Every structure is written in C-alpha cells, then in structure tokens.
K.L.:
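One structure, as structure tokens, below. Some questions next.
Every value quoted in this text rests on a predicted model; they were computed, and no experiment measured them.
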Amino acid sequence: MDDLLQEFIAETRETLDALSGEIVAWEADPADRARLDAIFRFVHTVKGSCGFLDLPRLARLSHAAEDVLAAVRSGERTPDQKLVTAVLAIVDRIGEIVEAIDAGAALDDSGEELLIAALNSGAEAAAPAAQQAPSGQRVGNRSVRLSTDLLDRMMSGMSDMVLARNELARRMRDQNVDPTIEAALDRLSLTVAEMRDTVTRTRMQKVDALFSALPRMVRDTAAEVGKSVQLQIEGSDVELDREMIEMMRDPLVHIIRNSIDHGIESAEERRALGKREVGRLVVSARQSGNQIILEVADDGRGIDTDRLVQKLTVSGQSRGRDLSMLSERAKLDLIFEPGLSTKDEVTAISGRGVGMDVVRANIEQIGGRIDLVNAKDRGLRILIHVPLTLSIIPAIVIGIAGQRFAVTRQAIEEIVHVSGDTIRVDLLGDTPAATVRDRRMPLVDLAALLGLRATDPMAADMLAIISASGGSFAVAVDSVLDHEELVIKPASPAVMATGIYAGQTLPDSGSPMLLLDCAGVAAAAGINFARDTAVEEEEASEPEAISADALLFNDLDGRRRAVPLAIVDRVETVHSSNVRFSGGRMRLLVDDRIVPLAALGETDGHTELAVLRIKDGDAEIAYAIAEPVDIVAIPPEISPSAQPGPILGVVVIGDEQVELIDPQWLLGPDAEDIVRPGAPLCLIDSQSDSWIATFLKPVLEQAGYRVSTKANADEQPAVILTTDAAQAAARDGRVLRLSNDRRDTGGDDRVYRYDRAGLLAAVAKRVNVA
C-alpha cells in the first residue's frame with residue numbers, strides 16, 4: 001500500500017505541474033473545452049485513486065469538483081470567474097494535502113467545507129475561501145520516471161564497465177605495477193561494484209507487479225470452471241529484476257490456471273472429501289541467497305501419478321518404458337512430458353497438451369528450476385527457483401581439455417576430488433557412475449560430450465556436482481580456474497541451438513567463454529533422473545527390499561542373474577590369488593582386510609574375477625560374477641523360488657528368464673561371517689595370554705560379536721574376557737574368566753575355556769543383561 005501511495009503522490013504532482021498553465025489559461029478562457037477536459041480528467045483520477053487508498057478528504061474535494069465540472073461539460077452550468085476560482089481553490093487544496101501526506105505532516109481541514117460550498121451556483125464566498133486556504137510547504141520531489149530503454153542502456157553500460165575492470169585487473173596481475181596504482185584500482189573496483197549494485201536496483205521491481213493481476217485472473221478462471229477459490233498472496237514486497245518479472249508472467253499464469261482447473265476440486269467433491277467448499281490457493285515469494293523462490297500451493301487433489309502413467313501408456317508416449325516401475329518421485333516428474341494432458345476433453349483452459357513441459361522449458365531458459373511437492377488428495381506445492389537478475393551472475397570457471405567454460409554458481413552443489421572410498425568413480429555395466437559419500441549419481445564426461453577429446457571417465461580426478469531439474473549429476477573436470485561475476489549475453493543462434501549452452505561472456509582473460517546450460521548437458525548426456533531417484537529411495541528402505549532397478553550380470557555358472565542395485569556398492573576386478581577357501585568358506589582379501597565371498601559357480605580357472613562389493617550400510621560381503629551386463633528395471637511379476645536359498649525367484653527381462661539373487665541370503669541375519677558394526681563388543685583383557693585372541697576370537701566373530709583388545713572412549717563393552725592368570729580391568733558383572741580346569745565352574749563368572757557351548761551361553765547372558 002505504501003508503494004501505491006507514493007506512486008499516487010508522484011503522479012498527482014506531475015499532473016499538477018502539467019496543469020498549472022492549463023488552469024491559468026482556463027481561468028482566462030472558461031469556455032476552452034480542451035482545458036476543461038484536462039482538469040476534469042485530473043479530478044476524476046484523483047477521486048478514483050482516493051477511494052482505493054482510503055483518503056476521504058481528497059475524495060470529498062475531488063468528488064465535489066468533478067460534479068461541478070461534469071455539469072459544465074454537459075452544458076448545465078456556464079463557467080464564470082467565481083466557478084473557475086472555486087475549482088482552482090479545490091485543485092490547490094488537493095496539492096497541499098498531497099504534499100502534507102508525503103511529508104507526514106498534519107494539515108488542518110478547516111475551510112474545506114467553504115471551498116466545496118463555493119462551488120454551488122450563486123455562492124459568494126468562493127474567492128475569500130480560496131484566499132483563506134492555507135498554503136502547504138511542498139516537499140522536494142526525490143523521484144523521477146525513466147524509460148525502460150534508458151535503464152537497459154544503463155545496465156548494458158555498467159556491464160561493459162565491469163568487463164573493463166576485470167580485464168584491467170588481469171593485466172595488472174600479469175605485470176609488476178606501482179602499489180599506488182593497485183590501490184587506485186582497488187578504489188575503482190569498489191566504486192564499480194557499488195555502481196553495479198545501484199544500477200541493478202534501478203531495474204528491480206517489487207514482485208507485486210507480477211502478483212497484482214492474479215486476484216482478477218483467479219476470480220475469472222474459477223468462475224469459468226464453476227469453482228470457488230480463495231487467493232492468498234504473500235511476499236509482494238520481494239524485489240526481482242524487471243526482465244525476470246516479465247519472463248515469469250506467462251509460466252506463473254499457466255501454473256495458477258492449472259491449479260484451479262486440475263487441482264482444486266468442485267464444491268461437491270470437496271464436501272464429499274470433508275474439505276471446506278472454497279478452495280485455497282496461496283501464491284508467495286521469498287528471497288533465498290541470490291535467488292527468488294516463487295511458490296504456488298493449493299489444497300486440492302494433488303497429482304494422481306498412476307493416472308499420469310496410464311495416460312502416457314495409452315497415448316503411446318511411454319516409448320517402450322515400463323513407467324509403473326518408476327519411483328513415486330519419478331512418476332511425478334512425468335507431468336513435464338511433452339504433449340501430456342490429464343484432461344479427457346478439450347476446454348478453453350486445458351486439454352490441448354501444451355502445459356508443464358513449456359513452463360519448465362521457459363523457467364530453465366532463465367537459469368531457474370521447478371520442483372514439485374505432491375500430497376495426494378491434500379494438495380500440490382510448486383516451487384520455482386529463479387536468479388535475482390539475468391544480466392550479471394556469479395559463476396564458476398572450469399577447465400576441460402584445455403578449454404574454459406562457465407557454470408552458474410547456483411547450479412554447483414560442490415566440487416570434490418576423487419579419493420578413497422567416500423568419493424570414487426565406478427563402472428556399472430558400461431555406465432560410469434560417481435559415488436559421493438554413499439550418494440550415487442550419473443557421471444558425465446563433458447570433454448567427450450563436447451567432442452574435445454576421447455577420455456577415460458574412470459580416470460577422472462575432479463568432479464563438479466551439478467544440480468539440475470529432477471536430480472543431480474557429476475561432471476568430470478580437469479580444473480577449477482576462478483570464481484567471477486560475469487556479464488552473460490546470448491551466443492550465436494547456431495551455438496544456442498545445440499541446447500548445451502545458455503549464453504556467452506567475456507571474462508577478465510579477454511577470451512570469449514561459453515556458459516553451460518546444466519539442464520541441456522543432462523539431456524544431451526541422456527541422463528534419466530528417475531533411476532537416481534529410485535536408488536536413493538531404495539537405499540533409505542530396508543536392505544532386503546527388492547529394488548525397482550537391478551544390476552544384470554552373467555554368473556560364474558553361465559546363468560544370467562540380477563541383484564538389487566541398491567545394495568551394490570561397486571563393481572571391481574580382483575586377481576584370483578586374493579581368493580581363498582579357508583575356515584570353511586570362500587574369502588576375499590581386498591583393501592588389506594578379509595571379506596566373505598559368495599559365488600554360485602567355480603572360481604577356479606579365472607585369472608581375474610569381477611566382484612560385486614555389496615553393502616547394506618551395516619554389513620559387507622563380496623559376490624563373484626563373470627561380467628556385469630546392464631542396469632534394468634525389475635518387472636512386478638516375480639515367480640518365487642521353490643525353496644529358500646540364494647535365488648529369490650525368476651523374472652522375465654527382454655525375452656529370457658533371469659534369476660533374482662535374494663538379498664536376505666546375502667545380507668540376512670543368518671549370513672555367515674558377517675560382522676556388523678553395531679554388534680555387541682567383547683573386550684579381551686590386555687593382560688591375558690594370546691590364546692583368546694588366537695583361538696577364541698574367530699568363534700565369537702562367527703557368532704556375530706565384535707572382538708577387540710580396546711574400546712573407544714564413548715563405548716562400553718558388553719563382556720570382558722580374561723584368563724585365570726590375568727587380572728580383569730573391571731570387577732563387575734561383565735567379566736567372564738576362562739578357566740583351564742574342566743572341573744572348575746567357579747560360579748557365574750567362570751567357564752571352562754574349551755566348553756564352546758557354555759562359553760557362548762555365558763557371553764550371550766551378559767550381552768542380554770547389558
């Protein structure tokens with residue numbers, strides 16, 4: 001409201017200044033119709049604005065003057081000097097009140113009734129009243145209206161100044177210069193930065209300019225589809241670049257019309273669902289860092305993902321994919337499929353299949369992204385993330401195959417070096433994938449994608465984690481060169497047509513550089529985020545759950561099998577010399593430790609073995625295979641195995657039968673030799689002889705306990721094992737002494753060291769007490 005009031009004050013001042021000569025001319029020639037019309041339009045505009053802004057004094061004065069001028073225009077009254085003087089007094093008073101409002105000063109209303117009375121025909125007090133009207137002190141006008149073209153030219157000039165500053169800084173870094181010149185450059189850089197921010201703010205508008213037309217649109221759209229919708233607008237004072245506001249107008253209108261038409265139910269449906277009859281639509285804006293988040297939320301039916309799958313399957317748009325096997329989040333993203341419409345009939349609002357795909361494309365074109373938060377039968381939230389401005393953006397400059405490219409800082413989650421097990425690059429079948437702290441994502445070899453060189457993605461040393469619409473992916477880069485604020489301009493049509501670039505810029509190096517379009521890179525690489533999403537959701541579920549995605553492989557016995565992808569940590573090749581049958585089962589020496597090895601076939605005769613490293617976050621085991629084949633979706637129809645064992649069942653993939661490995665057989669509680677980090681700790685007394693560590697430790701580990709000679713500072717052992725010859729460190733119920741005398745039972749704290757059953761029972765008793 002304050003902004004509207006200031007705009008009203010500015011417009012009234014401008015009109016009064018323009019009318020000052022017209023009023024004097026009308027006073028000299030009251031019959032001049034053109035000047036009469038100009039004065040009438042002024043008081044009419046003031047009257048209309050006062051009603052909206054709740055300014056009753058101005059409304060009363062302007063309404064009285066409008067009635068008199070309307071009578072003059074219709075010929076009912078003949079203008080004379082007294083009438084002109086009375087109208088002039090009203091106009092002057094309007095100016096005084098406007099100035100008082102702007103200054104926040106009180107202005108006595110005495111004499112205003114006399115000014116209104118002087119307008120009546122035959123009144124004699126017009127001149128005295130006008131003369132008695134107090135003169136207001138006008139506040140200096142601190143605002144000016146500028147053409148948007150002029151603002152654009154200012155921004156373009158400021159952008160060129162930033163580029164010149166960057167180039168000057170680069171040249172000075174390459175040479176030995178006088179420190180006083182460097183100090184002058186620093187002052188110049190500070191001034192340029194301040195001017196850039198100032199010029200940028202001149203282009204900023206409150207997002208209310210985008211929201212102001214929504215109430216009428218919501219009312220008309222709701223009436224058109226026979227629904228009742230209550231609109232709530234929040235964050236109208238958030239500022240956004242004027243160009244961004246214009247580019248967001250059409251996508252926002254489309255989303256809101258969709259919410260009303262598709263999302264919010266009719267009054268009858270809402271009553272049946274126990275909702276109030278009037279639907280609720282909330283449109284809000286908020287700033288988060290260097291971006292603005294626009295949110296549209298309704299309390300309607302949400303998105304029926306099963307219906308999306310059905311519509312795409314029936315229309316043939318599934319392109320051979322089994323959409324029913326997608327995760328819920330991946331199904332939700334189907335709303336962005338081109339040509340999709342959930343309406344069965346074409347209306348003036350929907351049903352033509354021109355929808356959310358265009359909305360997302362428009363948003364991504366300006367460097368934004370769109371997210372959906374769905375709650376079936378409760379509503380849908382649509383969040384649009386857009387940068388504050390399109391002209392100057394912060395970016396990271398990366399080096400690839402000797403070339404430099406820019407990526408918006410907003411799109412980069414982090415940049416990491418490939419090292420150790422937490423950050424690595426694996427090959428699943430023939431598809432490279434990056435694992436960053438137990439989070440698996442697709443890997444894009446950008447150099448190969450851009451045709452710069454033939455590379456081995458497995459040799460990547462540095463990864464940039466990129467956030468795009470629908471998920472994240474990793475990009476193999478050679479170096480990270482700089483962080484700069486860049487001026488982005490459109491590239492040539494041929495370059496933009498590739499879909500990989502979002503524009504070009506001229507950094508301080510002086511060499512033109514292209515800005516990568518992260519969504520375009522993902523599309524060019526053929527990345528389907530549905531797979532990544534499915535894996536994340538499955539990793540959060542129980543380890544034994546069957547994944548929607550599985551790794552298809554050829555096994556050692558010649559059969560083709562599959563294992564849930566969610567439990568496959570990596571695929572690696574090991575030398576056969578690291579595999580041994582010892583202690584009653586197959587074991588693999590890897591990473592300087594022994595890991596249990598499972599296999600359905602003979603490992604003999606192989607110089608090297610492909611091994612699946614399988615983890616569930618709590619245990620680890622290896623599984624030897626012949627070779628990985630592909631990542632596939634598991635159909636819902638599984639023919640169960642005839643008896644429990646390594647095979648869970650059989651499914652049809654392509655045109656062949658494929659056996660599914662049972663995760664419970666691999667990682668279940670009955671799996672042999674798997675020592676789990678959360679298992680109870682059996683502490684060996686450091687003063688005991690080596691017999692416990694040598695002979696008893698394997699027995700306890702086979703039973704599922706952890707055995708160690710020391711515990712962490714924050715960890716309490718469940719059992720302390722000691723021999724007769726040693727003194728236990730702790731004299732409490734946790735101590736279990738191992739006697740070398742078969743006849744010595746000695747009570748609950750003593751057991752014969754070779755009594756395996758008695759020993760395990762005593763340990764279990766103390767663990768249960770602990």
Side-chain angles (χ1 to χ4, degrees), residues 251 254-266 269-270 272-273 275 279 281 295-345 349-361 363-364 369-384 468-472 519 522-523 527-541 545-550 565-566 632-637:
H254 191 101
I255 289 173
I256 291 177
R257 289 169 68 89
N258 267 4
S259 296
I260 298 172
D261 189 29
H262 295 271
I264 296 177
E265 310 91 340
S266 65
E269 291 177 285
R270 295 180 67 85
L273 293 171
K275 300 181 179 180
L281 182 65
E295 180 177 338
V296 180
D298 64 67
D299 64 347
R301 58 173 63 91
I303 296 178
D304 187 346
T305 54
D306 293 334
R307 179 168 172 78
L308 289 180
V309 171
Q310 179 186 3
K311 292 285 288 187
L312 287 171
T313 303
V314 171
S315 64
Q317 293 176 254
S318 60
R319 295 186 290 275
R321 296 175 294 167
D322 186 0
L323 302 181
S324 62
M325 294 304 299
L326 295 176
S327 66
E328 191 65 22
R329 178 178 171 184
K331 289 180 181 178
L332 188 62
D333 285 341
L334 295 176
I335 197 70
F336 298 111
E337 286 288 321
L340 172 68
S341 176
T342 56
K343 284 284 188 177
D344 295 324
E345 69 281 347
I349 297 178
S350 59
R352 294 175 175 82
V354 180
M356 294 299 290
D357 61 315
V358 177
V359 169
R360 184 166 70 173
I363 292 172
E364 290 179 348
R369 76 176 194 273
I370 182 170
D371 296 327
L372 305 178
V373 180
N374 185 47
K376 193 172 183 298
D377 295 328
R378 295 202 306 272
L380 175 70
R381 293 171 57 213
I382 301 178
L383 295 98
I384 305 172
S469 180
S472 301
I527 294 177
N528 179 10
F529 288 114
R531 174 179 298 171
D532 181 57
T533 301
V535 171
E536 290 180 2
E537 291 182 356
E538 289 151 4
E539 288 177 341
S541 62
I546 298 299
S547 172
D549 288 333
L565 184 63
V632 296
I634 299 299
E637 298 80 13

K.L.:
So do His254 and Val358 actually touch side chain to side chain, heavy atoms under 4.5 Å?
P.N.:
no
K.L.:
Between Val296 and Ser259, is any pair of side-chain heavy atoms under 4.5 Å apart?
P.N.:
yes
K.L.:
For residues 373-382, which side-chain N or O atoms pair as donor and acceptor with protein atoms under 3.5 Å away, sequence neighbours left out?
P.N.:
from   : atom 1 : to     : atom 2 : distance (Å)
Asn374 : OD1    : Ile303 : N      : 2.8
Asn374 : ND2    : Ile303 : O      : 3.0
Arg381 : NE     : Glu295 : OE2    : 2.9

K.L.:
So, using salt bridge (charged side-chain N to carboxylate O under 4.0 Å, His left out) as the criterion, who are the partners of Asp304 when residues are at least two apart?
P.N.:
none
K.L.:
Heavy-atom distance under 4.5 Å between the side chains of Asn258 and His262, does that happen here?
P.N.:
yes
K.L.:
If I take atom CG from residue Asp298 and atom CD1 from residue Ile255, how far apart are they, to the nearest 0.5 angstrom?
P.N.:
11.5 Å
K.L.:
For Arg270, enumerate each residue passing the side-chain contact (heavy atoms from CB on, under 4.5 Å) test, keeping only those at least two apart in sequence or located in another chain.
P.N.:
Ile264, Glu265, Lys275, Arg276, Asp299
K.L.:
So which atom in Met356 and which in Ile370 form the shortest heavy-atom distance, rounded to 0.1 Å?
P.N.:
CE-CD1, 4.0 Å
K.L.:
Between Asp261 and Arg301, which heavy-atom pair has the shortest distance, and what is it?
P.N.:
O-NH1, 4.5 Å
